[in-house]
Amino acid sequence: MVTMTIGDVLTMSANKFPDKEAVIYKDKRFTYKMLDERANRLANALLKLGLKKGDRCVVLFYNRSEWAEIYFGLARTGIITVPVNFRLTAPEIEYIINNSEPKALIYEEDFASIIEQIKKNVSVEHYICVSDDKASNYEDCLAKADSQSPNILMEETDPILLAYTSGTTGFPKGSVVTHGNLATHLLIFFKEYGNVNYRDTMLVIMPIFHSNATWFLLGMIMVGGTAVIYPSGGFNPEEILQLITTEKITFSSVVPTMLTMINNLAEDCRQKYDVSSLRMFLVGSAPLLTKTKEDTIAYFKGAELYEGYGSTETGLVTILNPQDQLRKQRSIGLPVVGKQIRLLNNDGNEVEQGEVGELFTKGWGILISEYWRNPQASKDAFLGEWVSAGDMARKDEEGFLYLVDRKKDMIITGGENLYPTEVENILVKHPAVLEAVVIGLPDELWGERVHAVIVPQPGMVVTGEELKDFVKPQLAGYKRPKSYDIRAELPKSATGKIARRLIRDLYK
């Protein structure tokens with residue numbers, strides 16, 4: 001039986017394109033041959049330390065080139081990579097380490113103080129520090145290791161990744177991803193998303209601990225393309241245009257906020273750059289507002305726009321193609337090849353067209369095999385072969401899907417079910433509103449009352465009374481926010497997505 005494991009992916013591309021640039025990060029440029037050798041050196045260094053197939057290795061990094069060699073180096077040993085969100089606090093990182101029980105922790109020098117805080121509370125045998133200093137612990141490990149493949153027998157069913165969820169419903173859960181599931185997912189992902197191939201150069205903007213950027217980084221190596229890694233520490237829209245121009249970027253994956261920032265640049269600034277190399281964008285995390293979509297299409301004239309929906313557990317589930325962007329506003333599109341979708345009510349029955357149900361999917365490239373050491377969560381996520389990430393959706397007459405909300409974000413007010421996105425979509429139509437989040441707050445009479453948190457457009461002022469008048473003709477009484485809070489900004493995740501959990505915490 002022929003197997004495909006993620007370690008093989010780099011081997012094949014290095015054989016085909018040894019002298020082609022695989023990864024670019026700041027002033028560092030790594031060919032496929034260099035990346036292949038560094039991945040082997042890391043693999044052999046960890047084996048020399050006593051790690052073996054099935055052990056875990058936690059990685060705590062900002063965006064940097066070492067991510068690629070770590071993913072592929074560990075994949076060749078059977079050691080499971082555990083990427084950690086760099087925005088987590090010390091206790092949250094400590095929880096993930098204790099839950100995954102890694103033998104090694106590879107961390108960036110910037111996180112040394114956090115590591116020192118938690119060392120006494122975790123059992124990690126080997127700490128390996130990465131820094132820009134060539135004499136770092138990490139580089140020393142690589143320099144002393146063999147550059148030849150470790151030749152560890154790997155199977156498609158072996159785990160490669162332990163991807164922890166954001167923990168919005170309590171402690172984060174580790175989604176176990178196997179080599180075979182990930183390889184299949186990457187093939188589907190790039191087939192559906194504009195047939196990405198070896199001619200492409202991708203700008204990796206999203207944080208690489210996140211599933212989206214992990215898929216793209218590994219997928220670019222799979223097809224023999226080039227990945228240009230954008231440093232963490234803040235999104236600068238003009239820097240993005242500079243990189244597109246100088247590196248001849250052909251595509252990138254972004255969140256809506258990033259496109260809004262690019263569109264808000266002064267016209268004379270945008271016209272300084274040649275963005276004609278860009279052939280496509282993939283937008284995730286939230287559907288694009290119509291104005292953002294239209295402005296993006298107008299500026300990046302040669303680029304096609306895709307919107308995708310997926311999760312750490314399910315991989316890519318649906319995609320809205322360029323030809324449907326303006327025809328199907330705020331849709332997440334149709335199922336990708338090899339995936340089926342059902343929308344189910346609380347009784348497990350399929351809902352009628354137009355009704356809201358929990359989105360379940362099955363098919364090729366489902367990433368999760370189980371939740372790490374959490375049989376109850378594994379049981380709750382699966383319904384036979386079907387998997388849910390807890391999202392609620394509806395389907396139109398042509399089969400196009402529309403996200404309504406997370407199941408856990410639903411507000412029950414006066415016995416009525418209310419999905420915050422419906423209210424938020426109305427609020428952002430007000431010309432003075434930049435961002436809006438709706439949450440439920442405890443209420444003695446109604447159980448929960450609808451509360452809106454608003455960020456005004458730059459230089460504009462808006463009041464709660466004004467917004468009450470604005471939504472009155474557009475929303476049923478129970479859906480209208482009973483209270484408003486105007487803020488300068490909203491807390492966001494590392495991917496730029498509004499962090500609803502943190503907003504709720506403001507009102508506890």
Side-chain angles (χ1 to χ4, degrees), residues 2-25 28-47 51 53 57 59 61 63-83 106 130 138-139 141-142 145-161 163 177-191 196-202 204 208-209 211-229 365 367:
V2 177
T3 62
M4 168 66 76
T5 62
I6 297 301
D8 298 328
V9 165
L10 175 55
T11 302
M12 292 184 290
S13 290
N15 288 338
K16 288 171 66 178
F17 309 109
D19 300 320
K20 184 180 179 186
E21 288 179 336
V23 175
I24 298 171
Y25 173 69
K28 298 178 181 179
R29 293 174 179 264
F30 298 90
T31 65
Y32 272 94
K33 182 180 179 181
M34 293 165 65
L35 177 60
D36 186 53
E37 289 181 353
R38 286 178 65 85
N40 284 337
R41 287 183 183 276
L42 176 62
N44 289 315
L46 292 176
L47 293 171
L51 277 77
K53 184 176 180 179
C57 177
V59 183
F61 277 3
N63 277 10
R64 53 188 302 136
S65 56
E66 285 86 354
W67 273 109
E69 59 207 38
I70 287 172
Y71 273 132
F72 287 105
L74 268 61
R76 289 173 171 175
T77 63
I79 299 168
I80 304 167
T81 303
V82 186
I106 306 177
V130 173
Y138 180 87
E139 289 297 332
C141 285
L142 265 62
D146 195 330
S147 63
Q148 300 302 307
S149 174
N151 292 319
I152 304 294
L153 178 64
M154 300 298 301
E155 303 289 347
E156 290 185 353
T157 53
D158 289 330
I160 179 176
L161 191 62
V177 179
T178 65
H179 282 258
N181 287 352
L182 183 54
T184 303
H185 172 258
L186 293 178
L187 290 170
I188 295 169
F189 195 56
F190 275 16
K191 166 64 177 68
V196 177
N197 60 75
Y198 69 94
R199 298 185 184 91
D200 281 307
T201 299
M202 180 189 182
V204 182
I208 300 175
F209 72 78
S211 295
N212 177 286
T214 294
W215 302 339
F216 274 113
L217 180 61
L218 299 182
M220 287 308 296
I221 304 303
M222 172 181 276
V223 300
T226 301
V228 179
I229 297 175
L367 290 176

More than 12 non-hydrogen atoms from neighbouring residues, nucleotides or ligands closer than 6.0 Å to [atom1] on [X], yes or no?
X      : atom1 : answer
Lys33  : NZ    : no
Lys53  : NZ    : yes
Lys191 : NZ    : no

Closer than 4.0 angstrom, basic N to acidic O: yes or no for Asp36 and Arg41?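 So Asp36 does not pair with Arg41 through a salt bridge.
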Less than 6.0 angstrom separating the ring centers of Phe30 and Tyr25, yes or no?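 Here the rings of Tyr25 and Phe30 have centres that are no less than 6.0 Å from each other.
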Would you say the side-chain atoms of [X] and [Y] include a donor-acceptor pair closer than 3.5 Å?
X     : Y      : result
Arg38 : Ser147 : no
Asp8  : Thr5   : yes
Glu37 : Tyr32  : no

Please walk me through it: do Val130 and Arg64 pass side-chain contact (heavy atoms from CB on, under 4.5 Å)? CA-CA 10 Å; Val130 173; Arg64 53 188 302 136; 3.6 Å; yes
Show your reasoning for whether side-chain contact (heavy atoms from CB on, under 4.5 Å) applies to Met220 and Asp200. CA-CA 8 Å; Met220 287 308 296; Asp200 281 307; 4.2 Å; yes
Are Leu47 and Ile152 side-chain neighbours, meaning at least one heavy-atom pair lies under 4.5 Å? yes
Test ring-ring contact (aromatic ring centres under 6.0 Å, His included) on Phe17 and Tyr198 and set out the steps. CA-CA 9 Å; Phe17 309 109; Tyr198 69 94; 5.7 Å; yes
For His179, all residues meeting ring pair (Phe, Tyr, Trp, His ring centres under 6.0 Å), sequence neighbours excluded: none
